[in-house]
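Chain letters run A, B, ... following the sequence lines, proteins first and then strands; every chain starts at 1. The analysis underlying the following values was restricted to heavy atoms, covering all of them including side chains, and did not include hydrogens, waters or symmetry mates.
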Amino acid sequence: MQPFTQQVIDIIRAIPSGKVMTYGQIAATAGSPRGARQVVRILHTMSDKHGLPWHRVINAKGEIAITEDESRFLQKIILEEEGIKTNEAGRIDLSVHRYNG
DNA sequence: GCCATGGCTAGTA
DNA sequence: GCCATGGCTAGTA
């Protein structure tokens with residue numbers, strides 16, 4: 001496992017319930033401001049194994065970015081259970097819910 | 001070659 | 001809506 005990957009995993013783990021971070025924000029915190037897509041890949045391949053709170057990661061617009069329908073719906077439900085609601089436009093208010101690593 | 005991005009711009013209203 | 005981006009992995013040799 002590469003240092004960047006380990007960093008990203010640690011950062012995602014530390015996001016508390018009721019808060020979210022963006023892909024780019026996590027990448028930047030891990031020391032690679034352009035590495036947003038790596039965060040995507042890491043979530044994809046390592047969420048299960050490492051028990052990551054994958055649902056607390058959204059895109060920079062405040063949207064749920066998952067493309068697969070079932071998981072997308074699941075993410076919305078879990079976030080709601082944690083007190084995070086999406087507005088009519090499907091957006092989450094980052095000014096309220098963003099976690100600053 | 002993948003990818004659940006992000007940021008900028010052209011084009012509409 | 002377009003496209004540059006980058007760290008890693010699956011798959012081949």
So T5(A), base contact, sugar-phosphate only, or nothing? Heavy-atom distance under 4.0 Å.
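Sugar-phosphate: the residue T5(A), judged by heavy atoms under 4.0 Å, touches backbone atoms but no base.
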
Identify whether any heavy atom of Q75(A) sits under 4.0 Å from a base atom; if not, whether one sits that close to sugar-phosphate; answer base, sugar-phosphate or nothing.
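If one applies the 4.0 Å heavy-atom cut-off, Q75(A) turns out to touch nothing in the nucleic acid.
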
Ignoring backbone atoms, establish whether H44(A) has a side-chain N or O less than 4.0 Å from OP1 or OP2 of dA4(B).
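The answer is yes; a side-chain N or O of H44(A) sits under 4.0 Å from OP1 or OP2.
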
Where do F4(A) and G35(A) come nearest, in terms of heavy atoms and distance?
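So the minimum-distance heavy-atom pair works out to CZ-O, 4.2 Å.
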
If you compare all heavy atoms of H97(A) against all heavy atoms of I84(A), which two are closest, and at what distance to 0.1 Å?
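So the minimum-distance heavy-atom pair works out to ND1-CG1, 3.7 Å.
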
For Q38(A) and for T45(A), locate the closest nucleotide of DNA chain C by heavy-atom distance; then report the residue assigned to the nucleotide nearer the 5' terminus.
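Here Q38(A) is the residue nearer the 5' end.
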
Which atom pairs, one a donor and one an acceptor, fall under 3.5 Å between side chains of residues 13-22 of chain A and the rest of the protein, sequence neighbours left out?
residue	atom	partner	partner atom	Å
R13(A)	NH2	H50(A)	O	2.7
K19(A)	NZ	V96(A)	O	3.2
T22(A)	OG1	Q25(A)	N	3.1

Note, [X] side chain near [Y] side chain (heavy atom, < 4.5 Å):
| X | Y | answer |
| --- | --- | --- |
| R41(A) | R37(A) | no |
| I26(A) | I12(A) | yes |
| V8(A) | Q38(A) | no |
| I42(A) | I9(A) | yes |

Taking [atom1] from [X] and [atom2] from [N], how many angstroms apart are they, rounded to a whole number?
| X | N | atom1 | atom2 | answer |
| --- | --- | --- | --- | --- |
| I12(A) | dA4(B) | CD1 | P | 15 Å |
| I92(A) | dA4(B) | CD1 | P | 18 Å |
| F73(A) | dA4(B) | CZ | C1' | 18 Å |

I'd like to know if E68(A) and R72(A) make a salt bridge, using a cut-off of under 4.0 Å between side-chain N and carboxylate O.
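Salt bridge: no.
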
Under 4.0 Å protein heavy-atom contacts per nucleotide of nucleotides 5-13 of chain B, with B for base, S for backbone only and - for none:
BS-------

What pattern of brackets, bars and dots sums up DNA chain B from 5' to 3', given Watson-Crick or G-U wobble pairs under 3.5 Å, [ ] for crossing pairs and | for another strand?
|||.||||.....

